[in-house]
Structure formats: structure tokens, C-alpha cells
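Written out below as C-alpha cells is the structure these notes cover.
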Amino acid sequence: MTAPTPAATPRRLELLPAVDVRDGQAVRLVHGESGSETSYGDPLAAALTWQRAGAEWLHLVDLDAAFGTGDNRERIAEVARAMDIKVELSGGIRDDDTLAAALATGCTRVNLGTAALETPEWVAKVIAEHGDRIAVGLDVRGTTLRGRGWTRDGGDLYETLARLDAEGCARYVVTDIAKDGTLKGPNLELLRNVCAATDKPVVASGGVSSLDDLRAIAALVPEGVEGAIVGKALYAGAFTLEEALVAVR
Ligand SMILES: O=C(O)c1ccccc1NCC(=O)[C@H](O)[C@H](O)COP(=O)(O)O
């Protein structure tokens, strides 16, 4: 008699607390708009707080590099190197030099945004070279992608997704800019639609306000959502990371 196949363990939603860095400080923006910052102090202290609270991932963003107002390369590298957990690095990674610097921090993966819209050949090349160390951030208003720190239109979401899928992109980080930093809840419909359009894992970003929001995103794991980025809700004290980890267990 053959042994019964063990039931597959249901996958758990990964949580990625966010540390967005502007002018050396951890900040949160509203709709990703430059000038809407609320400051939360030292980014390393914030990252260590999330790590101590049990995070398995850190979502680390260089906002100045994303906006083209400079960069926080040293600060970002310092934070990434201090982490014992996995790090996803985002913001201004657009060419060989910025990609090499990002990967050299030892981060687990990087998110490309603007480059996927403006230099698709380069993105196809680095996807082929680096595999799942490359994710693409699909930052949208409606179904229109936005690049350059979310300030410029960059084409249709689903056309770009089909192209990136064909090039072997390993995963997508999907942000509804209208929700980002607003505590208005995630765009579950957008997440469902993107999951229906790709077989690749999707990381949800923007708008999480409550443990119920996280449970609602976790309910989309069978459809292809792998993780959720949480920024403002943690900084505003809407819930603790410990509570969030229990809620999606
Ligand atoms: O990720 C980027 O490259 C970026 C560029 C320009 C503005 C904002 C950017 N990222 C913001 C984030 O990734 C947020 O940390 C994340 O969406 C969390 O949002 P929320 O939970 O709503 O605070």
C-alpha cells in the first residue's frame, strides 16, 4: 500500500514592515507625494524594532533615490547590513551602478519600478541574470503605472505585466497609490485582478489600516498573494507587528 500524500501546509501571508528613508530619516508619505512626510526618526532604530518584534522581512525604500532628490545609499546599506532578516530594497534602482550597489548590501531582493517602464531591455537582462533577486514594483493609479517616484505615467498595468511575465519576472509588488499611506484599506480588487493575470507571486502594498485588512489580504494567498507591506499602520500604532504576525498565522 502506498503511503498517503501528506496534506500541503497552507501558506502563510508574509509581512514586510516598511522603512521608507528620506533625508536620512524614516518617514511615511501620503499617496507617495513628496512633501507629505511624517518623520519617524532613525531608520536603523525602526528596522531593529521590527526585527525584534519578529519580522522575517524588511521593506526598505530610498525615497530620495526614487524622487531623484539625491540618495540615502550609505544609510540604506547600513540598515540592510545590520539586519538578520530578509530585506527587500526599493527606490531609484535603474541601472547597473544602482543595482550593483543595492545587491551589494546583501539584500534578499530588489524592486525595480521606473526602470521596468523606461528601460525594459535592461530590466529583461537583469531578470535573466539575477532571477528571483529581482521583483518589479507595479505602482498604479487606476490601471496606469507610475514611475519616477510615482510622478509620471508609465503605461498600462496589464500590458506591462504580460511583458514582464514573458521575460520571467519572478514576483510583483503591487501598490495602489491612491491608498498608499492613507490607512484607507488595501485595494483587494486590484490584488485579485493582478493575481488573475499572472501566475507569479504578488506582494500587496499600500493602505493597510487594521488587522482585518491583513486578514482580508491573507484570504487572497490561495489566489497568489504572497506578502503584505505595512507602513503607516505600524508607525501610527494601529496595531503592533506582534499582533499582525498572530493575525495572519
Ligand atoms: O517604493 C518606492 O519605490 C516608492 C517610491 C515613491 C513613493 C513611495 C514608494 N514606496 C512606498 C512604500 O513602499 C510604502 O512603504 C508602502 O507602500 C507602505 O504603505 P502604507 O502601509 O500605506 O504606509
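As the structure lists them, so they are numbered: ligands from 1, and atoms in each ligand from 1. For clarity, every value in this text was computed on a predicted model and none was experimentally measured.
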N/O donor to acceptor pairs below 3.5 angstrom from side-chain atoms of residues 240-249, sequence neighbours left out:
residue : atom : partner : partner atom : Å
T240    : OG1  : E243    : N            : 3.0
T240    : OG1  : E243    : OE1          : 3.4
E243    : OE1  : T240    : N            : 2.8

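Formation of a donor-acceptor pair under 3.5 Å by the R133 side chain with backbone atoms of C107 is found in this model. When atom types are taken as modelled, the side chain of T198 and the backbone of C195 share no donor-acceptor pair closer than 3.5 angstrom.
Pairs engaging residues 71-82 under the side chain to side chain donor-acceptor pair (under 3.5 Å) rule: D42-R75, D62-N72, D64-N72, R73-D97, R75-E78 [sequence neighbours left out].
Remark: Y40 pairs with Y235 by the ring pair (Phe, Tyr, Trp, His ring centres under 6.0 Å) rule, at least two apart or across chains.
D153 has no carboxylate O lying under 4.0 Å from a charged side-chain N of R148, or vice versa, which leaves the two without a salt bridge.
Protein residues with any heavy atom under 4.0 Å from ligand 1: A18, D20, R28, G32, H59, V61, L63, A66, S90, G91, G149, W150, D180, G181, S205, G206, G207, I229, V230, G231, K232.
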